[in-house]
Amino acid sequence: MNWKTAIAYSTTIIVWGSAFPGIKIALQSYSPEHLALLRLLIGAVVLVVFAVIKKINMPERKDLPVILLLGFLGFTVYHGALSAGEKTVSAGAASLLISVAPVFSAVLAAIFLKERVSKAGWIGSAIAFSGVALISLGSSHSLSAVAAGILLILVAAAGESCYFVFQAKYLNKYGFIPFTIYTILAGALFMLFFLPGTWTEMKQASPASTYAVIYLGLFPTILPYFALAYVISKAGAAEATSSLYLTPAAALIISWAALGEVPSWLSLFGGILTLVGVSLPLWAEKRKQPLPVTCESLEGDL
């Protein structure tokens, strides 16, 4: 891995990890729906300018319904539900819960794309959701409030999973960056439903919360997608997406430094279980891959 790829790799993990505590700061003054709206609007404005400068073509009309649907699931549902869930769930726990998205992706791929889920995949799913249960039990909030927050974050993870599972055909057609721009604009369009009352909330918000919203719109909503696209182009999709398992670690460290959040031992253990469960199918798949034949291995056989 060269230094440019390493920088892009680190940027993806750190910036995405910073989104979770950023949401928590913004929620001190903003409602979840207005936070998600402003975040996507800021990102959409920047991306429109980028698209004009780079002369990115418009999508074909026949693809608009799918782009709108995927934008709704991947951005409207994801950002709205995640922001609402973080009202009662800590930033670090939220990042761990979002990491179950690959489990939803595997199930969706099995149902709709007829991809087979391995035995390791089912075992990993059970372990991951056991970790989710421990995260909820380790929270300092009331169990009912935490359960509602966790459910919303799992809805966010499911929306994100739908977005990633069903985008492949359109990524091949349009490319990673243009398609991401189309879907973020679609997600922002649906969030306009929550526009009433936004200006009043902005006038009453604390500077720290408003700065957090601007940061979320300019950086975690946009930058990681460009960085991830670069890593995929240099290291491949599997290597790039596997790196995202480090995002919760970044979120936990940043949440501790910025918010003073210290997860309970039970939540931390639940988070470890969740990550183990999610990554188990990947480990199992790598173990099945044949080892490359090298001079050293041939010498050992002689």
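Just so it is clear, the structure is predicted and the values come from calculations on it, not from any experiment.
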Leu97, Thr88, Val100 screened by side-chain contact (heavy atoms from CB on, under 4.5 Å) with Ile153, the one that passes: Leu97
Test item: Thr11 side-chain N/O and Ile7 main-chain N/O as donor-acceptor pair under 3.5 Å: yes
For Val89, is there any backbone N or O sitting under 3.5 Å from a side-chain donor or acceptor partner on Lys24? yes
Sub-3.5 Å donor-acceptor pair from the side chain of Thr76 to the main-chain atoms of Leu73, do we have one? no
Side-chain donor-acceptor contacts of residues 256-263 below 3.5 Å, not counting sequence neighbours, with atom names and distances?
| residue | atom | partner | partner atom | Å |
| --- | --- | --- | --- | --- |
| Glu261 | OE1 | Ala91 | N | 3.1 |
| Glu261 | OE2 | Ala91 | N | 3.4 |

Does the Thr221 side chain pair with the main chain of Leu216, one donor and one acceptor, at a distance under 3.5 Å? yes
Sequence neighbours left out, cut at 3.5 Å: what donor-acceptor pairs do the side chains of residues 47-67 make with other protein atoms?
| residue | atom | partner | partner atom | Å |
| --- | --- | --- | --- | --- |
| Glu60 | OE1 | Lys173 | NZ | 3.2 |
| Asp63 | OD2 | Lys173 | NZ | 2.7 |
| Asp63 | OD2 | Tyr174 | OH | 2.4 |

Quick check: does any side chain N or O of Ser29 sit under 3.5 Å from a backbone N or O of Ser206, one acting as donor and the other as acceptor? yes
Verify the cluster assignment for Tyr215 and Ile253: are they in a single hydrophobic cluster under the rule of side-chain heavy atoms below 4.5 Å apart? no
Looking at Leu195, is its backbone amide N or carbonyl O close enough to the side chain of Thr198 to form a donor-acceptor pair, meaning the two atoms are under 3.5 Å apart? yes
For Lys4, give me all partners under salt bridge (charged side-chain N to carboxylate O under 4.0 Å, His left out), at least two apart in sequence or on another chain. none
Under 3.5 Å, is there a donor-acceptor pair linking the side chains of Tyr30 and Thr210? yes
Report whether Leu268 and Ile254 are members of the same hydrophobic cluster (ILVMFWY, side-chain heavy atoms less than 4.5 Å apart, transitive linking). no
Donor-acceptor under 3.5 Å (Ser18 side chain, Val15 main chain): yes
Whether over 12 other heavy atoms sit under 6.0 Å from Phe176 CZ: yes
